[in-house]
Each structure stands twice: as C-alpha cells, then as structure tokens.
Amino acid sequence: MLQPMGWDAFGLPAENAAMNNGVPPAQWTYSNIDYMRSQLQSLGFAVDWSREVATCKPDYYRWNQWLFLRLLEKGIVYQKTGTVNWDPVDQTVLANEQVIDGRGWRTGAVVEKREIPMYYMAITQYAEELLADLDQLDGWPEQVRTMQRNWIGKSFGVRVGFPHQIEGGGTLWVFTTRADTLMGATYVAVAAEHPLALHAAKNNPELAAFIEECKHGGVSEAEIATQEKKGMATGLTVSHPLTGEPLPLWVANYVLMGYGEGAVMAVPAHDERDFAFAHKYGLPIKAVIKTSAGEATPAPWQEAYAEHGQCINSGKYDGLDFNAAVDAIAADLNAKNLGEKKVTWRLRDWGISRQRYWGTPIPMIKCPSCGDVPVPDDQLPVVLPEECVPDGSGNPLNKYEAFLACTCPKCGGAARRETDTMDTFVDSSWYFFRYTCPDATTMVDARADYWMPADQYIGGIEHAILHLLYSRFWTKVMRDFGLTKVGEPFRNLLTQGMVVAPTFYRDGADGRKQWLNPADVAVTTDDKGRPLSAILKSDGLPVIMGGIEKMSKSKNNGVDPQTLIEQYGADTARVFMMFAAPPEQSLEWNDSGVEGAHRFLKRLWSFAADNGAALADSALPADAAAEVLVVRREIHETLQQALVDFGKHQFNTVISACMKILNAIGKLEGHGSDAVQREGLSILLRLLSPIAPHITHELWRGLGYGDDILHAAWPQVDAAALKRDSIELVVQVNGKLRGKVNVPATADKAAVEQAALADENVQRFIEGQTVAKIIVVPGKLVNVVVR
RNA sequence: GCGAAAGUGGCGGAACUGGUAGACGCGCUGGAUUUAGGUUCCAGUGGAUCGCUCCGUGAGGGUUCGAGUCCCUCCUUUCGCACCA
C-alpha cells in the first residue's frame, strides 16, 4: 500500500497572493506547503512523506520540459495561434476566471480577443483511444465517463464545400452532422476572424466595425454561447454545392474560428440557433424534413423541427430517410469534389502556453537568426527564478534580464529565452508516476511499473473532465515513449463532492469586493435558523451575505480545520468530517455537529473505562439470556450493513453503525452480557479504527484485545448470531400500513397469509370487502388487496 | 446556451435490487444530577388531530398490489465548458 502526498504548487493563486502581499509566489507557496504538511501530519494520516513531490521544484518540472522536447520532436507538440483574453488597460492576458461579464477583473476594461502564437499538444491524435478506453474503466463513476464521452464528442458527418468567386475563387468548407438538410441551407456564416470576413470588410466600414465589435467579450465557450447572437451580411455569396444557387455569406459572432472550419452552413428550418438567427435578420427558411410537427416549420421554434425524418422539398432526395439522404448527398458531393463523409471531434488540441510567471518554463530559445530553437537536453532544467513578484502588468520574466539572456544552441549568437510557461495541468498530468520513484534520475524508472496504475484515485468532481482527461492522455503518451507499460493511470476513481460555504463581502473604496472569511463573521438567524444578517466580529459593523459557493481562495470562504484539531483533537475532527456526508456528495460546511462527534468518542472512552474489568476475556455462556442474544443479533446485523457501507465508501453510515453498537452494549444487562459487550466493542473498535485511529488503537491495547489494532483481523459476521426463530412482518391493506404480525421464521406462505388476515386492525380494514389477492414478500411484508 | 448531477424534518443526512420514510447525529422541549453555568444521564421530537386516523420525500402527471426509488413534463440548486485548478 502506497499513500503519497504532494503539492500542485504552480499557478494563478500564488501570483494573486503576490500581488496582494508583495511576497514572491515561491515564498508564499513554500510557507503554505509547510503549514499544510504539518496540518496533515497532525490529523494522523498514514502518508509516506519520503515520496513527497512539489511540482514547482526543478527536479520535478525538468521532466515536463524533457517530455515537451520529446513531443516536439515527434510533432505531438506544435505551434499555432490561439485566442486569448486581452486586457487593453493592464496590457496583459487574462485567465477566463479573471474576466467578469466581459470585463477585466482589476481594470474593469472591456476585454478583447487576441490571436497569439502558442504551443499545443495534439491530444486529438489520441481521441479515438481516449474514447474507446472509457469502456474499460469500470471502476470509474458512470457520470464521469459520460461527461468525458460527450466532451470528446465523436460525430459522424459530412464536410461540404461551397464554391465561390471571392478573391479569384475558391471553396468555403463547413462540417455538418445534418447533411440530409443540405437542400434547406439558406445562408452560410463565418467567424469574425475568417479570411473571407476580413476580405469583405476591406471595402465595408460598417462590416469592419461589426468585426471589431465581435472581438469584445471573453473567449470562454459559456460566454460565447450565452451572448446575444449577432450577425451581418458581407454582401458576398457562395454557391450551393448541389443546386448552384447563390447563398448569402454572413459573419456571425457565434461561429468560432478555432473550432472546425470557422464556418457553418445554416438550415434555419431544422436548427434552433439558425432558426432564431434567420427570424431576427429576415433570412429565408426552407423546411426540408417531414417531422412529427408536420411539413412546415412556423414560429415559434419547436423541438420536433430538429428531428430526423424523411426528406421533402429536396428534389431527387425526397422520401429518403436520414441515413439514405446523408449517403446520397455525400456521394453526389464526392462526385463533384465538394465533400466527403468525415468523422470529427469536439475535442480540441490542448494549448499549453501561458503568459505567466509562476509555472514551468517552456524550454525554447528565440534566436533572431535561427527562430525558435529547443533547449538541448544537457541544459535542462531551465530553472525558473524564484524571486520575482508579479504586479498584474504581465509576466515579470519579460523584464528579468538574468533569465532572458542566453545564447542560441544552434548558431551561438545572443538570443532570448521563451518567457511563456506551461499550463499547470501539465504538472498534474503525471505527478502520480513520480510518487512511485521520487528520486529517480530519469522521468520515471522501473518502480513505476510495480505500482502503476493507481488502484484508487480520489479527486474533486470538478476535475471530471479536464484534469482526468489530460492525465489519461499524458499516460498514453508516456506509454508510447516506453516510459510506462500502462495505458490508463487510475483503475478506480472516487469523485468527491464540493465543500461549499457561505460568502461575505464589503464593497471596497475602489469598487471591488472585499471578501471576508466566514470565521471572522457572526451571523444572526431567525427562529427557524435562517440567516438574517451578518457582522464582522472585529468591528461589529454589517457585512453583505454573498450566498453559498464552493470554497475558493478567490472568495475567501475556505475553512481551516486547524482550530477544530486544536480544540477537539484529530480523531474528533476526522469522525466529524466523515460523519457529515458521503464523500461523493457536496457538503455545506457547518461545524455545529462537531460536538456530537466529540461526545460519541467521549462516551466510547468512558464506556471502556467504566466497564474495563467486566470486559475481561469471557466466553458467551450457553444459557445466555434471550434479550442478550437479541442484542448480539443486532450487533451482527449492524456489522453486516457496515461492511457493505465500507465497500461503498459510505463512511457516515459506518460511524452511525458504531454509534448504534455503543448504544446497544451500553444498555445491555442480563446473563452473558459481559461477553456480548466485549465482542461488540471489539467489532466497534475495528470498524472505527480507519476513521479514528488514535483512540481505537489505545483502547484496543488497553482492554487487552491485542497489541496493535493495525494487525487485528477485520471483523466478520457470525451467521449463527443472525438466526431468528420468529420474524415480524408488516401487514398492509391496499399498500397502507395496517398492522404487524409475528410469525415463525419457517412459516409458509399460507400460514403468513392466515396470520395477516387474523390481525385485528387488518380485519377492520377488509371488513365488507372482497380480498382480491394477497402479496407476500418473504421476510418483509404482506399486502392484502381488497376491492 | 450545452454537458453531468442533486432536491427527503428546524439542520447534516439514512432507506441494499420498488416493500414499515425520517436510521444515526445536531438542534429544540421537558425532567434528573449540580450552589450556578458547563458536563453527564433519562424521556420526547415530520405536520394536522393529539382516540382511531389523515397528510407528507421540489411541482404536476403516469406505471404498479405497493413509488423517495421507475417513466414523462416542469422548477430550483451545484459542478464543468478548454487560461481557477
């Protein structure tokens, strides 16, 4: 068993902290690591600290650089332009998180889209395998696999060419999954950055202004998808590939240059977005599919318009169904060299360049005569200086001469280093390999073959797509370079829910929100416990309640368990946290229940202290009292369920089972109770030991169960204890609970029915009515159906 | 907007494949112990009537002898949407 711990230590939060405190990100990061490490140690986790990894250390990130260079040689890393958020005031690139409603978070300036050169990893080369291998990951939650499948987004369609005479002629290509509707295409739209759009704008100031306007706002898909759909005609036309009919060419802000061909064909009758766009701008709508809504598509839009169906108003294709129409149209396009069937992916290549300081330096050198030259292996690692302090005006490396200056490895002339750093997802894509061999002098060594893949990986549900997909990709890349034998990094995956907490803020003098930590705020509630208002404890003045959100550094609503640990100890903190909810579920942090966890452990301790002598080794007497045997049965029933719950990682009900056992043995009296108490407590201690290791270890040894609870056998259900002579059945009449009967465990169906019908209360409810049938669920209930 | 989930007492949550809704805990109420507070212990605690009973798992429909659980429609919340990680 290997349980390591490490630090994903590069990234934006360290730069933000630096801006606030004027402390270098490195210093802030290392002190956080020290604090967190000591906290994890005080919680008593069995972490193997000899394998600790920090991604911001050169002995780790040098292998990011090394593999980057290998991938560059193989063409899996390549350069192209990408779109970024540009803050025109701070003159810097912004992360999507830093763009709020299309404006820069610090300056409030309207953000612009900018095209800059970036390095990409060709994850799409692995799309087919990343999709196919999901089927084998049966230790992963189905929802995560579904999300990844949808993200990869394999779609079968047709690439269609629209010939045109613009700029001496050419063909505008689009991709569509609905080639069957091609006869209903009434216009074609391109992205604002598309060459045809730029050409049309040359003599059209109005269009140029519109294209300029399209550059405003963020680049994130969510932002583009929710913005108002706008467009403008270019005045140009392209030809329909089958009919030759001229179709107007539009520029639309919802068409993305970076996705597919940067152009779409529009079929307003059968696509909701095109339908809305056509209505807004008065473009023609031509129904070409017979759907369940009929042969016409009057406004408003109905979902049925997008259904597959038979072609109509489509000339020779009339009457064909979806597959036949796609085949026929693709064949005709093929004959004209204007199209073919094609598989496309929603997945895009992974842009890894960041215009930031606190990350792995990209190991490239910019030479005025040789261009971009890779850093030779013997000069790795390219070490990131740790003394810079970002100030919000861009990457400080750009002004750091000691880092920048170098010589070109090719020509030996003076050159400059690349100042872009790598996406931090690179760091987190393979750290688990490094745990297996943290001191290796290569990226990984043979020890990785012994340990990998990880049997159990635990991470937040927010990583369901990006981190987990990049890690899978990176593993396959490492495999193809012979660095590992495994093709998938994680056999079993547990996705934790989010921990959410209330947020509080005040409007600062500069108009920005000052986020206050919940620990510093006192909340008053109404008589139903709902929050009414809040004040800051230090000055007693009101603060604004910002609602409940996932804990984050940016909203300052994280909770530090340190006070909990100091006040109650590690075991109470652990029991409380595991008792709150199953780990997959999201959880609103509230420590009001911590007293209950503490009380339980105190009761456990005092039970052992009060009964220590009686608990001395004693066997269950053959003539034990009946009520004692009932309690023993309950203990084993509880154990049986707890073992199932452990398997489901449902630790809250395991703790509940331990509480039940303590409640049961605490009340126990009668002949044989000492033995059952001893047995029950031994089961309880072992069930609880992974959750509260310190107290259970001490009690296990102190009560003489054994030397070390870690070496004790896992508790097992005694089938003999579960045996019952009689069972209680619930009796329903027409599905409603009307009584309970006790029958011998061996009673047959007829005897059970008879006992149920004999019940006084049941008699009352069936009186004067006909018994239609009686349903008996063995061991559970009887349902008498009357009319 | 698109993809994935989740909605159960005052609160956190439980209910394995459809079979007694509310386990366990928090909080609250009453009582005991205590000079008092805290601790600890006992009893009660979904709502309405407080007799039997009726109503209750986001809303509305449906399937079934029986629905928190399955199906349809809707609402709300959370996560992700490629530069937060």
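Chain letters run A, B, ... following the sequence lines, proteins first and then strands; every chain starts at 1.
- Toward the 5′ end of RNA chain B lies the nearest nucleotide of A/Val644, the other residue of the pair A/Glu303 and A/Val644 mapping further downstream.
- Take the nearest nucleotide of RNA chain B for A/Ser220 and for A/Thr653: the residue whose nucleotide is more 5' is A/Thr653.
- Annotation for A/Glu142: atom CD counts as buried by contact number, over 12 foreign heavy atoms lying within 6.0 Å.
- Look at CG on A/Asp645: it is 10 Å from P on B/A14, rounded to the nearest Å.
- In this structure, A/His279 and A/Phe275 have tilted ring planes: the angle between them lies in the 30° to 60° band.
- Listed candidates were B/C79, B/C83, B/G19. Nearest to the side chain of A/Leu781 is B/G19.
- Classification of A/Glu595 and A/Lys602 as a salt-bridged pair fails, no side-chain N sitting under 4.0 Å from a carboxylate O.
- A salt bridge is defined here as a Lys NZ or Arg NE, NH1 or NH2 lying under 4.0 Å from an Asp or Glu carboxylate O, and A/Lys749 with A/Glu753 meets this definition.
- In the interface, the side chain of A/Lys740 is paired with the base of B/U20 through a donor and an acceptor atom under 3.5 Å apart.
- Nearest to the side-chain atoms of A/Thr226 among the listed nucleotides B/C55, B/C79, B/G1 stands B/G1.
- A donor-acceptor contact under 3.5 angstrom links the side-chain atoms of A/Gln355 to the base of B/C83.
- When all heavy atoms of A/Asp420 and A/Ser353 are compared, the closest pair comes out as OD2-CB, 3.7 Å.
- The phosphate of B/A14 (OP1 or OP2) has a side-chain N or O of A/Asn652 nearer than 4.0 angstrom.
- When the shell of 6.0 Å around CD of A/Glu669 is examined, it contains 12 or fewer heavy atoms from other residues, nucleotides or ligands.
- Base orientation for B/G62: anti, the chi torsion being more than 90° from 0.
- Looking at the side chain of A/Ala95, the nearest of the listed nucleotides B/A4, B/C84, B/G25 is B/C84.
- Rounded to whole Å, atom P of B/A14 lies 14 Å from atom CE of A/Met659.
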A/Tyr568 vs A/Phe576, test: ring pair (Phe, Tyr, Trp, His ring centres under 6.0 Å). Steps then yes/no. CA-CA 10 Å; A/Tyr568 296 101; A/Phe576 164 63; 8.8 Å; no
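- The phosphate of B/A4 (OP1 or OP2) has no side-chain N or O of A/Thr146 nearer than 4.0 angstrom.
- Comparing atom distances between the A/Lys602 side chain and each of B/A23, B/A82, B/U39 picks out B/U39 as nearest.
- The side chain of A/Leu466 lies closest to B/C81 when the candidates are B/C84, B/C81, B/U40.
- Here the nucleotide nearest the side chain of A/Arg603, chosen from B/G25, B/G19, B/C24, is B/G25.
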Would you check, one step at a time, whether the test ring pair (Phe, Tyr, Trp, His ring centres under 6.0 Å) holds for A/Phe651 with A/Phe579? CA-CA 7 Å; A/Phe651 307 114; A/Phe579 190 53; over 10 Å; no
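- With a cut-off of 3.5 Å on both pairing distances, the Watson-Crick and G-U wobble pairs of RNA chain B assemble into stems of 3 or more at B:1-7 with B:75-81, B:10-12 with B:24-26, B:27-32 with B:40-45, B:46-48 with B:53-55, B:58-62 with B:70-74.
- An OP1 or OP2 oxygen of B/G3 is reached within less than 4.0 angstrom by no side-chain nitrogen or oxygen of A/Arg149.
- For the pair A/Glu728 CD and B/U20 C1', the computed distance is 9 Å after rounding to whole Å.
- Taking side-chain N and O atoms only, A/Arg356 has no distance below 4.0 Å to OP1 or OP2 of B/A85.
- Ring geometry, A/Phe490 versus A/His467: the interplanar angle falls from 30° to 60°, so the pair is classed tilted.
- One atom, NZ of A/Lys80, and another, P of B/A82, lie 15 Å apart when rounded to the nearest Å.
- Taking every side-chain heavy atom of A/Arg354 into account, B/C83 is the closest of B/A4, B/C81, B/C83.
- With C1' as the reference atom, B/G51 and B/U64 are 34 Å apart, rounded to whole Å.
- Checking B/A82, B/A14, B/A4 against every side-chain atom of A/Glu221, the shortest atom distance belongs to B/A82.
- If you take CD of A/Glu142 and P of B/A4, they are 11 Å apart, rounded to a whole angstrom.
- Here A/Gln585 does not reach the OP1 or OP2 of B/A6: none of its side-chain N or O atoms lies under 4.0 Å away.
- Atom CD1 in A/Ile116 sits about 11 Å away from atom P in B/C83, given to the nearest Å.
- The side chain of A/His463 approaches B/A85 more closely than any other nucleotide in the set B/A85, B/C79, B/C84.
- Rounded to whole Å, the distance from CD on A/Gln148 to C1' on B/C2 is 17 Å.
- Under the 30°/60° scheme for interplanar angles, the aromatic rings of A/Tyr457 and A/Tyr431 are found to be tilted.
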Using atom names, set out every protein N or O paired with an N or O of nucleotides 60-71 of chain B below 3.5 Å, distance rounded to 0.1 Å.
unit_1 : atom_1 : unit_2   : atom_2 : d
B/C65  : O2     : A/Asn783 : ND2    : 2.4

Nucleotide N/O of nucleotides 43-53 of chain B paired with protein N/O under 3.5 Å:
unit_1 : atom_1 : unit_2   : atom_2 : d
B/C52  : O3'    : A/Arg764 : NH2    : 3.3
B/C52  : O2'    : A/Arg764 : NH2    : 3.3
B/U53  : OP1    : A/Asn761 : ND2    : 3.3
B/U53  : OP1    : A/Arg764 : NH2    : 3.3

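- Within the structure, a side-chain polar atom (N or O) of A/Gln650 is placed less than 4.0 Å from OP1 or OP2 of B/A15.
- Ion pair A/Arg106/A/Asp90 flagged as a salt bridge, since at least one NZ, NE, NH1 or NH2 atom sits closer than 4.0 Å to an Asp/Glu carboxylate oxygen.
- Between A/Met147 atom CE and B/A82 atom P there is a gap of 15 Å when expressed in whole angstrom units.
- Side-chain N/O atoms of A/Arg346 and A/Asn150 include no donor and acceptor closer than 3.5 Å.
- Aromatic ring pairs are classed by plane angle as parallel below 30°, tilted from 30° to 60° and perpendicular above 60°; the pair A/Phe473 and A/Tyr126 is perpendicular.
- Among the nucleotides B/A85, B/G13, B/C16, the one closest to any side-chain atom of A/Pro582 is B/G13.
- Here the rule is side chain to side chain contact (heavy atoms under 4.5 Å, CB included) with A/Val717, and of A/Thr638, A/Ile683, A/Leu643 only A/Leu643 fits it.
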